[in-house]
Amino acid sequence: MAVNVSIPKGTRDFSPAEMIRRKYIFQTVEDVFRLYGYLPIETPAMENLSTLTGKYGEEGDRLIFKILNSGNYLEGISVEDIQNSSTAKLAARMCEKALRYDLTVPFARYVVQNRNEIAFPFKRYQIQPVWRADRPQKGRYREFYQCDVDVIGSNSLLNEVELIQIIDAVFQQLGLNITIKLNNRKILSGIAEVIGAPDKIIDITIAIDKIDKIGIEKVNQELESKGLTQAAIEKLQPILYLSGSNEEKTEKISGIIGGTDIGQKGIAELSSIFDFLKNIRLKTSVELDLTLARGLNYYTGAIFEVKANDVAMGSICGGGRYDDLTGIFGLPDVSGVGVSFGADRICDVMNELKLFPENAEISTQLLFTNHGEAEMIYALKALAEIRRAGISSELYPDNAKLKKQFSYADARKIPYVASGGSTEMQEDCFTLKNMQTGAMEKKSSQEIIAQLKK
RNA sequence: GAGGACGUAGCUCAGCUGGUUAGAGCAUCAGAUUGUGGUUCUGAGGGUCGUGGGUUCGAGCCCCAUCUUCCUCCCCA
């Protein structure tokens, strides 16, 4: 036997049973996207490395899978280059392509490249795998599927509201209890400005994002280590302690950062989203969470995150508004907003909660047993007839022992087995066995169709 | 990038303070039963104990290295 075969770290094979579950999620998500008027696109698995670098922050750049140039990838690189350049610089010279890290940046590139053919506002969805050179662990893979919905070319906050509706609809259909967390980058910028550290916005947001995990003490320590003054940290405290209803929180934060232009804008956006939501019946609660930061650099307005209520798992859906992502590629003043559903994590959560229907993997309804040449032709005729009636059915390919053929039906959870031997051939019928009850009855192919159509 | 745990049959695992030929359950295949599965009984196949090195008369077990998987941090879907 055996060479030791395996697949790369953080990647997975999917069995038929798993694929049925995954397809169920993809189908649900896609149906909702279509219902809201979004259209599908796909982009290549690989992009030019330069398209991707610099969009995801320092950490993100490190996690991009790079593709070594074909041919002599060392061409033009000297020993001194290797000794003196950073690995990132060398990688840029040896790798002009990379695997996509998310679907938003390739989408922005697509929009810029096809701007003349696109009718704005452009509503698209995209369900494809992405790759990250991260260290795998629970709910974290190196290859995983994102299901993105975005609308680009519209500043209206209605889009944010629509995305919240989509999130609500998807998870309601999947039967998952979730919480939608909402925040706004402008509010975070306002906070940074008020406490006199506008350049520290990223450090601040990353630190306060951790408040649930590591507690206020450690957050303050981290802020200090990032070079924030004691006075600034002091000013930040009431914001970290904020509690109450969304309105109460909005009011309090408004009192603190309402003086800044950017802060005021952020609050206005947030309030108008909440105003919209009052008129819509949602099953899920939307919660203002000022500690929600999200690391991706390109967000400028609303930011979303969805967590499953009953399972410990990272976010299963996230996104936000990006005002200038296309600007980087030469198409300024086009704002977009979108969210991404993490299909793999959703699948993990649903598995843990046993939310998948038990008999989802039943595909074949009827198996014909095989008794030899003449009987095979006899069965084949009926098989074609039954398939024309839309009943998924198959004929066992080998004249094996019946025990084996029935075991196969059993293993495949096929509910009915039809046998046609010499006796049945004379009467122009089959013996149909109900595998659950064990009952057997002689039936013509038409009667079989009638029975299984029920 | 930092830290921790695991690795024995296709799968889940047992294997005593180091001691003959490494076990069990499930799965697979065959038979009991030559046109009827899921229950039962009998039998069979399947292992360089993750890999490499070391200690020892002797290593699945101890030591070192390495790889993998899982988990935590960082970050994220």
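All chains are named by letter (A, B, ...) in the order of the sequence lines, taking the proteins before the strands, and each is independently numbered beginning at 1.
Of the nucleotides present, B:C73 is the one that pairs with B:G1 by Watson-Crick or G-U wobble criteria, both distances under 3.5 Å. Summarising the base pairing, B:A14 is matched to no nucleotide, lacking a Watson-Crick or G-U wobble pair whose two defining distances lie under 3.5 Å. Nucleotide B:U56 forms no Watson-Crick or G-U wobble pair with any nucleotide shown, as no partner meets the under 3.5 Å limit on both distances.
Look at CG on A:Asp348: it is 11 Å from P on B:C70, rounded to the nearest Å. Computed from coordinates, the A:Met440 CE to B:G37 P distance equals 9 Å when rounded to whole Å. In this structure, OH of A:Tyr298 is placed 11 Å from C1' of B:C76, rounded to the nearest angstrom. Taking atom OH of A:Tyr416 as the reference point, atom C1' of B:G38 lies 16 Å away to the nearest angstrom. Rounded to an integer number of Å, the gap from OH of A:Tyr145 to C1' of B:A77 is 14 Å. Computed from coordinates, the A:Leu63 CG to B:C73 C1' distance equals 14 Å when rounded to whole Å. The separation between A:Tyr125 atom OH and B:A77 atom P is 21 Å, rounded to whole Å. Going from atom CG of A:Asn399 over to atom P of B:G35 covers 10 Å, rounded to whole Å.
Neither side chain, A:Ser419 nor A:Glu424, offers a donor N or O lying under 3.5 Å from an acceptor on the other.
For B:G35, the base has a donor-acceptor partner in the side chain of A:Thr423 [N/O atoms by modelled type, under 3.5 angstrom]. No donor-acceptor contact under 3.5 Å links the side chain of A:Gln405 to the base of B:G35. Counting distance only, with no hydrogens placed and no angle test, the side-chain atoms of A:Lys404 and the base atoms of B:G37 include no donor-acceptor pair under 3.5 Å.
Relative ring orientation between A:Tyr396 and A:Tyr408 is described as perpendicular, the plane-to-plane angle rising above 60° on a 0-90° scale split at 30° and 60°.
Between A:Thr369 and A:Phe406, the closest side-chain pair of non-hydrogen atoms falls below 4.5 Å.
Each of A:Asp344 and A:Glu424 was assigned the nucleotide of RNA chain B with the nearest heavy atom; the assignment lying further toward the 5' end belongs to A:Glu424.
Using P as the reference atom, B:A9 and B:U48 are 9 Å apart when rounded to the nearest Å. For B:U42 and B:G47, the C1' atoms lie 24 Å apart once the distance is rounded to whole Å. A distance of about 30 Å separates the P atoms of B:A44 and B:G7, rounded to the whole Å. Taking atom P on both nucleotides, B:G50 is separated from B:A22 by 15 Å, rounded to a whole Å. As rounded to the nearest Å, B:A32 and B:G38 have P atoms that lie 14 Å from one another. Rounded to whole Å, the C1' atom of B:C76 lies 35 Å from the corresponding atom of B:C13. Nucleotides B:A14 and B:C49 are separated by 13 Å at their C1' atoms, to the nearest Å. Rounded to whole Å, the separation between the P atoms of B:A77 and B:G10 comes to 39 Å.
Counting any heavy atom pair closer than 4.0 Å across all strands shown, A:Tyr141 reaches a base atom. At the heavy-atom level, A:Gly139 lies under 4.0 Å from base atoms of the strands shown. At a threshold of 4.0 angstrom between heavy atoms, the contacts of A:Gln146 are confined to the sugar-phosphate backbone, with no base atom among them. When heavy atoms are screened at a 4.0 angstrom cut-off, A:Ser419 is found touching base atoms of the nucleic acid. Residue A:Cys147 is classed as having no contact, given no heavy-atom separation below 4.0 Å to the nucleic acid.
Side chain of A:Arg345, nearest nucleotide from B:G38, B:A77, B:U36: B:A77. Closest to the A:Lys403 side chain, of the nucleotides B:G38, B:G35, B:A2, is B:G38. Of the listed nucleotides (B:U36, B:U68, B:G38), B:G38 has the atom at the smallest distance from the side chain of A:Asp410. Checked against B:C71, B:U36, B:U69, the side chain of A:Gln137 finds its nearest nucleotide in B:C71. Distance from the side chain of A:Lys138 is smallest for B:U72 among the nucleotides B:G37, B:C75, B:U72. Checking B:G37, B:C75, B:C71 against the side-chain heavy atoms of A:Arg140 singles out B:C75 as nearest.
A:Asn69 places a side-chain N or O within donor-acceptor distance of the main-chain N or O of A:Glu96, the cut-off being under 3.5 Å.
For A:Glu373, the CD atom counts as loosely surrounded, since its 6.0 Å shell holds 12 or fewer non-hydrogen atoms of other residues, nucleotides or ligands. Within 6.0 Å of CD on A:Glu427 lie more than 12 heavy atoms contributed by other residues, nucleotides or ligands.
With centroids closer than 5.5 Å and planes inclined by less than 30 degrees as the test, A:Phe144 and the base of B:A77 pass as a stacked pair.
Within the 4.0 Å cut-off from OP1 or OP2 of B:G31, at least one side-chain nitrogen or oxygen of A:Lys401 is found.
Taking the centre of each ring, A:Phe341 and A:Phe33 come in below the 6.0 Å mark.
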Starting from the C-alpha separation in whole Å, work towards a yes-or-no answer on salt bridge (Lys or Arg N to Asp or Glu O under 4.0 Å) for A:Glu47 and A:Lys55. CA-CA 13 Å; A:Glu47 292 280 345; A:Lys55 315 297 188 298; over 6 Å; no

